[in-house]
Amino acid sequence: MKHKTLFVALTVLLLASMALASCKPATTPAPLAPTQPPAPTKAPEPTKAPEPTTAPEPTKEPTKAPEPTAAPTATEAPKYAGLKYETSNCDYGGTVKAIEALDEFTVKITFCNPDPAFLAKIAVPAFEILDADYLAAIGGDAAKLAENPVGTGPYILKEWVRGDHITFVPNPTYWGVPVANKTFILKWNAEAAARLLDLQAGNTSGIAEVSVDDVPTIQADPNLKLVPRPINNFIYLGINNQKPPFDNEKVRQAFAMAIDKQRIVDNFYSPGSVAATQFVPPGVKPGFTEGYKGTQYDPAKAKQMLQEANFDFNAEYVLSYAERTRPYFPQPTKIAQDVQAQLAEIGIKIKLDMQEWATYLPAARAGNLELFFLGWSEDYPDATNWYDVFLMGADKAFGAPYPDIMELIKKAAVLGDPVERQKLYDQVNVLYDQHVPCIVIAHGTTQLAFQASVQNVVLGPYNENFPQMQTADGTLVFSQDGDAVSLDCADETDGNSFRACLMLFDTLYDFKWGSSELEPSLAEKCVANSTATEWTCTLKKGIKFSNGASLDANDVVTSWDIAWDYSNPLRKGNTGVFNYWKSFFGPKALNQPPEPTPTP
Amino acid sequence: MTQFLIRRLLLTFPVMVGILLVTFIITRLVPGNPCYVMLGERATVAACDDFMHRYGLDKSIPEQFIRYVANLMKGDFGESIKDHRPITTIISERLPMTMELTILAMLFASTFGILLGVISALNRNSFIDTLTMIGANIGVSMPVFWLGLLLAYVFALMLKGTPFVLPPSSRLTAGMSLAPLTKTWGLGTPTGIGGFLLGLMSHSAILNGLLTANFALVGDALRHLILPAAAVGTISLAVIARMTRSSLLDVLGQDYIRTARAKGLIYRLIITRHALRNALIPIVTIIGIQTGGLLSGAVLTETIFSLPGVGSRMVEAILGRDYPVVQGFSVIIALIFVFTNLIVDFSYAFLDPRIRLE
């Protein structure tokens, strides 16, 4: 460019940018009241008769080759080749013994031990049901599934722009209540402040994980509404009993007594959060002992107990944590600093050690940290998702396990009678206060915010009723704090992926909108035998996948066997671990290769 | 010139090998592993052992490196541990957004930076000079995340309902999308370098809109880039303005400028033809460095404005120990820096004919 024209060019650029800025935005949705009343939330029964399907050829190894098991009932009806996968016993390290299709619409799963929490477990999105033929066609490839997910859910995928958004449109073959919006867009922004700005600007209909600091702003804005979501979770201060002086029970008890949990909740948590009184949150029943107060805050007594235990007040103890914001840990550094200050009040010197998550979690799991913060949000509403996960010695985070606690938990896990289970958990709760493997601090409430014009917002512990929420223009845009990882949720663990999967896929049972109560989804019903070692599920008839294929029992068997059995050729997934299956029905999966020898 | 170009291109190979080696070793030596990031609180020791074995991450570092280089020789950058997608696909998705942001930000920064620098230099020690330099210092000192949120607040909220309202986040308005050019043009699914380049073009909203005559898309993409470009370009603008001022002042004190003035040459011509051209060399260097930096990812800006660019994906990969993505992106970023510097070197010869690239 000639120099003499430099200034002219600059002026043109300036004018062009001003003209561009003055352009009317393409869409900035103005919040308007919807004209449609809220749709009913109960799904109607499908009425269409199922189409006959052909089961895929079995590809299993001889130890559990599929066998057609359905007995012929009519001379003209084609015989249904139901798949059956089984193992002779549970020596492989898991709890499942067999999964089989009894007929076209009946599935049976057999356990080596009673599993009264089975229904709650299979309501987790990781137990989504996929079309067996489609899985075979894509070879179980998670990347291909993400490109074209075929499910029975309310929506189908229109596009997934990685790092930006996912667009869903209604599934024309959906069997349930028709969706209320013609488009649902799931987008993300890691920053809570930016998400709020987007909401205030009218670019989104709702946002997830509202920052505690933003709550007053939203409450003061008449165009927005704050919707709390109840969820059972906790944050705990883990104590490794293999690290002196925390090998001394009296020291652990004194630490538990020295922390004012209520002060932490009042200062750093969203409204609705509560200070912990025992190991599990109040919503875990059986599990939570009504009226039991647990260890009370008493710093004077705590100091006295430490002196009696010859605690070294001159030494410095390291409290580790990761700056990873969660509903149960909304302000990690501030909470860690407050605990440090509270312990300093009775003369305990604490050094804070903030670590990166990728380093922190392995260090905690390996038992390398003496004091550390970790937390948990429950996967399904059952005490086994709390006691069994943390107090059965699955890793070395708390040091050596507590055999008396483990014995009670093991007994309680297989009991079907809630009253009898509660009696055992009452004992566990007392033993927890005695041994103090960790100090549960608080149960946080998470807050979501929406445009005031969005109608029929129902939030439950495990889901949001996005398909039934109503907006004026028929487009619902929701911003969460991260991208989905994949859409093969059988092999995912993060909530952002699950949120997307819930739009595309269904499970046999589901949680009712707004509650932790279970209701049949793809299943008509599931019933257990008297010992809860066999569960038989009858599928609803006439349900179709988005590719037009009909749902049948082999779809269920195949979807579950992929997670269960390493030898299944379709077992690809995203991480290949299928962690939820192992967590619920493991610890090991069938035909799992021996653990590798660590490289020196 | 050709000799210079060949020499510089050949020099990129040892740079690339060095980058690969250093990145590979550093990522492996940093504590932590991808399993715990991916599985989160639900990760168990047994599950992570299984995970590491599956990805060959339990092998020795030299063994992993040999395997990686062998695959690279075949043009295989590998797949992301996080989502099993080819690195080249991820790059083709992320790089265009970053390039668009960089181009717009540098246009903004260079235009106004040079303009303010020239005005400041020509009015040395005046009120305008002081005001401009105070502004430049504020621009340099202002954290980009704060400026970004401030701009978003002003243009998305305070000006809401006016013609000047601008979107505070995302690449495009909800509901608008980019159609792959391969699909638009009926090219099937090309692979190799052609597929990569088509991917790059498809994911560039502005280019895609121009090539498909979808001007609504172009306008929408530009509207979404104004605030981030202004936020990220402000620092560069301030740096360029300061550099322009000092460089121009230096040139204006030279004998040949005094001679030109003594000869009675028009002042405007002295500035544009003699002073500014000679003052441009350090300015171009700074613009090159800033451009390279922005092309390697404006992490904070991308995060605040929710833009799917190189920087945010790179940080995500580093925190998630997604080694193939870190390595692949490092190579691309290194290449970008090398070529940006090459262009800067060429521009020297254009600006000052006395400089011979040979």
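Keep in mind it's a predicted model, so treat the numbers as computed, not measured. Only heavy atoms go into these numbers, but all of them, side chains included; no hydrogens, no water, no symmetry mates.
- Between the side chains of Lys187(A) and Ser306(B), no donor-acceptor pair of N or O atoms lies under 3.5 Å.
- Annotation: side-chain contact (heavy atoms from CB on, under 4.5 Å) contacts of Thr217(A) (sequence neighbours excluded): Leu196(A), Gln200(A).
- Using a 4.5 Å heavy-atom cutoff, the side chains of Ser170(B) and Asn203(A) are not in contact.
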What verdict does the side-chain contact (heavy atoms from CB on, under 4.5 Å) test give for Thr359(A) and Arg321(B), after you've listed the backbone C-alpha separation in whole Å, the side-chain angles of each residue and the deciding distance to 0.1 Å? CA-CA 10 Å; Thr359(A) 316; Arg321(B) 304 291 191 272; 3.5 Å; yes
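- Heavy atoms from other residues, nucleotides or ligands lying under 6.0 Å from OH of Tyr55(B) number more than 12.
- Of the listed residues Tyr566(A), Phe578(A), Tyr360(A), the one with more heavy-atom pairs under 4.5 angstrom with chain B than any other is Tyr566(A).
- Side chains of Leu319(B) and Trp357(A) form no contact here, defined as non-hydrogen atoms less than 4.5 Å apart.
- For Leu149(B), the parts sitting under 4.5 Å from any heavy atom of chain A are the backbone and the side chain alike.
- To the nearest 0.5 angstrom, Ser169(B) atom OG is 6.5 Å from Asn189(A) atom CG.
- To the nearest 0.5 Å, the span separating NZ on Lys82(B) from CG on Asp483(A) amounts to 5.0 Å.
- When the side-chain contact (heavy atoms from CB on, under 4.5 Å) test is applied to Asp83(B), the partners found at least two apart in sequence or on another chain are Arg162(A), Ser80(B), Arg85(B), Ile90(B), Arg313(B).
- Nearest heavy-atom pair across Ala201(A) and Leu157(B) is N-CD2, 3.5 Å.
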Can you check side-chain contact (heavy atoms from CB on, under 4.5 Å) on Phe145(B) and Glu191(A), steps first, answer last? CA-CA 10 Å; Phe145(B) 63 88; Glu191(A) 290 299 313; over 6 Å; no
